[in-house]
2 protein chains.
Amino acid sequence: MAGQKQTTITDVAKHAGVSLATVSRVMNGNATVDPTLAERVRTSATELGYSANPLARSLVLGKTQTISVVVPDLSNPTFQGMLRGLSRAAVADGYHVLVADSDEHEDQERLLALESRRRSDGLVLCAPRMSDAALAEVLAEVAPVVLVNRAGDAPSVAADYRTPLREVIDHLYGLGHRRIAYLAGAKRSASNAQRLAALDDARATLDGCEIYEIPAGVDFAAGADSLDAVLDSGATGVLAFNDLSAMGLLSAATERGLTVPGDLSIAGFDDIPFARYTSPGLTTAAVPTAELGALAWHALRALLQGESPEAMHTVVPQVILRGTTAAPTR
Amino acid sequence: MAGQKQTTITDVAKHAGVSLATVSRVMNGNATVDPTLAERVRTSATELGYSANPLARSLVLGKTQTISVVVPDLSNPTFQGMLRGLSRAAVADGYHVLVADSDEHEDQERLLALESRRRSDGLVLCAPRMSDAALAEVLAEVAPVVLVNRAGDAPSVAADYRTPLREVIDHLYGLGHRRIAYLAGAKRSASNAQRLAALDDARATLDGCEIYEIPAGVDFAAGADSLDAVLDSGATGVLAFNDLSAMGLLSAATERGLTVPGDLSIAGFDDIPFARYTSPGLTTAAVPTAELGALAWHALRALLQGESPEAMHTVVPQVILRGTTAAPTR
DNA sequence: CTGAAAGCGCTAACAA
DNA sequence: TTGTTAGCGCTTTCAG
């Protein structure tokens with residue numbers, strides 16, 4: 001059944017009684033070809049169901065119309081959204097996308113990047129976990145390349161975690177909160193550094209506002225387990241590292257008989273799909289991951305066209321005010 | 001900076017003072033080459049940082065070491081899991097994966113499949129939305145191909161939605177429930193047909209068990225809105241189309257002052273990440289999506305090796321008993 | 001306007 | 001064992 005090999009340009013040429021060159025020309029809408037001939041070629045082509053072998057074209061043209069993207073973990077919603085935005089944007093421009101999941105293995109990252117890159121015209125490196133030194137080295141080998149959520153010697157697009165967190169703090173402060181707790185999550189992540197910066201920022205500019213840092217974690221249990229620490233701190237408002245820990249805290253607080261937001265205001269981060277369904281709905285900030293992906297493609301496309309995209313394009317997550325934040329009652 | 005063109009096999013040959021063929025041989029560990037020469041070639045290769053151009057190899061070998069996968073929607077968790085499983089399994093076997101998102105456009109599906117396929121050695125068509133006729137046509141053009149969650153004239157892997165639903169029904173029945181409601185979701189989906197079959201099955205075999213079908217929907221609101229209908233039906237246990245609608249119902253019931261599972265047992269479907277965190281935790285069934293992806297790759301790999309994989313490999317979602325189901329109290 | 005021919009970088013006969 | 005050569009399928013000078 002799979003015996004019939006694809007028809008080649010030679011078949012079409014033969015069928016139309018012209019040379020390969022002519023077929024190539026009409027297929028590429030290239031030079032001026034006699035309309036009659038062109039028509040004849042086109043007829044033959046459709047009759048034979050011909051379409052050029054992309055591999056052969058790639059080889060001679062030196063371009064594959066494909067880009068590759070390597071992500072640390074395809075099960076992470078952030079990267080999923082990124083991939084979706086990237087894929088759709090690239091497809092819209094006639095590009096294909098090769099995807100590689102490094103499964104959080106630093107060493108795999110380099111290899112995947114190199115290998116994928118050779119099969120494509122450019123690379124999107126998404127939040128690479130490798131060291132700065134390793135990154136610099138890889139970056140030099142794989143250009144054109146664009147970085148997502150990481151700085152380096154290449155154009156990059158990144159989400160700004162600092163601004164939205166600061167906005168949430170201002171929101172709480174405006175409501176009257178003066179004692180705010182931050183449930184810290186992944187210590188070493190780049191986004192955490194940005195959040196800490198927002199905290200310092202707020203401490204420096206907000207009169208009479210105290211902000212505590214409470215080590216917690218990134219999941220539901222971490223949030224739930226930190227309830228006592230939160231209450232001990234006397235905080236009336238809390239910024240959770242992400243929605244999951246926020247929900248854990250919310251759940252624990254509710255079970256303890258506290259009312260949210262009456263006794264405690266809670267804000268999450270990420271806007272996971274379920275965030276709108278907690279009771280009350282969770283105040284949070286949504287990272288526009290798909291947009292991040294689309295922007296990454298646009299930067300890479302610019303590079304491919306010999307243009308110079310912005311060195312770093314940043315997108316600001318949107319704060320979504322729902323029911324878990326309100327004026328403090330104590 | 002990106003000016004230096006890749007070193008070719010010719011460079012290596014020149015550097016090592018041998019012919020192209022020899023370099024090719026040692027690079028492929030092929031024929032017996034004099035160890036001394038081989039070593040010399042290897043040295044030159046690493047010194048020059050040479051690695052064969054995959055495009056050129058693909059062209060001459062007629063194989064790309066790449067497979068492609070087209071999915072209807074990269075934002076759907078089912079397909080995300082599938083892609084992850086597929087990607088990791090394929091990478092483990094040294095294959096690359098080209099991904100295309102049809103964005104639920106039936107017409108795009110065909111084109112994406114064809115185009116991706118030509119850049120790769122095989123295709124995984126994931127839950128294609130196109131008609132049976134269109135599918136049959138495409139299938140013939142893109143072999144080797146494997147289908148995911150859809151039947152057709154090609155090997156396929158699919159999740160079995162019937163068995164787990166039946167298991168949940170048996171679970172409820174065993175608990176003493178005799179009036180069970182099914183909150184119907186997407187009417188036309190293949191998985192819905194399987195669920196209805198499970199319902200019929202149960203009706204035919206379970207003594208004195210009545211199963212009602214209540215039109216609802218696929219989201220949280222649909223579940224919440226169906227509370228009255230559920231109560232009117234007198235059902236003591238309900239099977240929701242998915243976790244979201246189950247959570248909606250759970251939420252509405254709780255707000256109405258009912259206790260779950262005391263007054264009402266509720267089961268969802270999908271095991272979304274938040275399902276374990278509702279109170280009580282949601283009884284549901286988890287589709288092993290990553291496994292589905294890995295199996296799809298295994299089937300395709302078999303095809304690529306000229307073997308014949310099972311016509312249809314089915315995986316059974318696992319029922320996860322949590323707190324929302326218990327013996328009825330009325 | 002069209003065809004012949006030279007490659008793109010590599011592999012695989014086929015000779016030597 | 002090694003080198004020479006003919007392609008893989010296509011695009012693109014370069015003549016005509």
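Proteins come first, then strands; the chains are lettered A, B, ... in the order of their sequence lines, and each starts at number 1. Just so we're clear, the structure is a prediction, and the values are computed from it rather than from any experiment.
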The side chain to side chain contact (heavy atoms under 4.5 Å, CB included) partners of B/E47 (sequence neighbours excluded) come to B/H15, B/T43
Whole-Å distance, B/K14 NZ to D/dG3 P, equals 15 Å
Atom CD of A/Q65 and atom C1' of D/dC10 are separated, to the nearest Å, by 15 Å
Open item on the list: One pair to check against side-chain contact (heavy atoms from CB on, under 4.5 Å): B/L304 and B/I67. What are the steps and the verdict?
Closed with: CA-CA 10 Å; B/L304 290 173; B/I67 60 162; 4.3 Å; yes
Rounded to whole Å, CG of B/L61 lies from P of D/dG9 at a distance of 12 Å
Verdict with reasoning, B/E141 to B/R110, per side-chain contact (heavy atoms from CB on, under 4.5 Å) = CA-CA 10 Å; B/E141 297 178 278; B/R110 175 195 164 80; 3.2 Å; yes
Taken to the nearest whole Å, CZ/A/R119 to P/C/dG9 is 17 Å
Is a donor from one side chain sitting under 3.5 angstrom from an acceptor on the other, for A/S116 and A/S68?
no
Ordered by number, residues from residues 15-28 of chain A within less than 4.0 Å of DNA chain D (heavy atoms) are A/A21, A/S24, A/R25, A/N28
Rounded to whole Å, CD1 of A/I9 lies from P of C/dA4 at a distance of 14 Å
Residues passing the salt bridge (Lys or Arg N to Asp or Glu O under 4.0 Å) test with A/E104, sequence neighbours excluded, are A/R129
When rounded to whole Å, the CD to P distance for the pair A/E39 and C/dT2 reads 14 Å
side-chain hydrogen bond (donor to acceptor under 3.5 Å, both in side chains) pairs touching residues 78-92 of chain B, sequence neighbours excluded, are A/D73-B/R88, A/Q80-B/Q80, A/D101-B/R88, A/D103-B/R88, B/N76-B/T78
Contacts of A/E39 meeting salt bridge (Lys or Arg N to Asp or Glu O under 4.0 Å) (sequence neighbours excluded), chain-then-number -> A/R42
Flag the pair A/V124 / A/W297 as yes when at least one side-chain heavy-atom distance between them is below 4.5 Å, and no otherwise. no
The correct set of residues in residues 41-60 of chain A placing a heavy atom under 4.0 Å from DNA chain D is A/Y50, A/A52, A/N53, A/A56, A/R57, A/V60
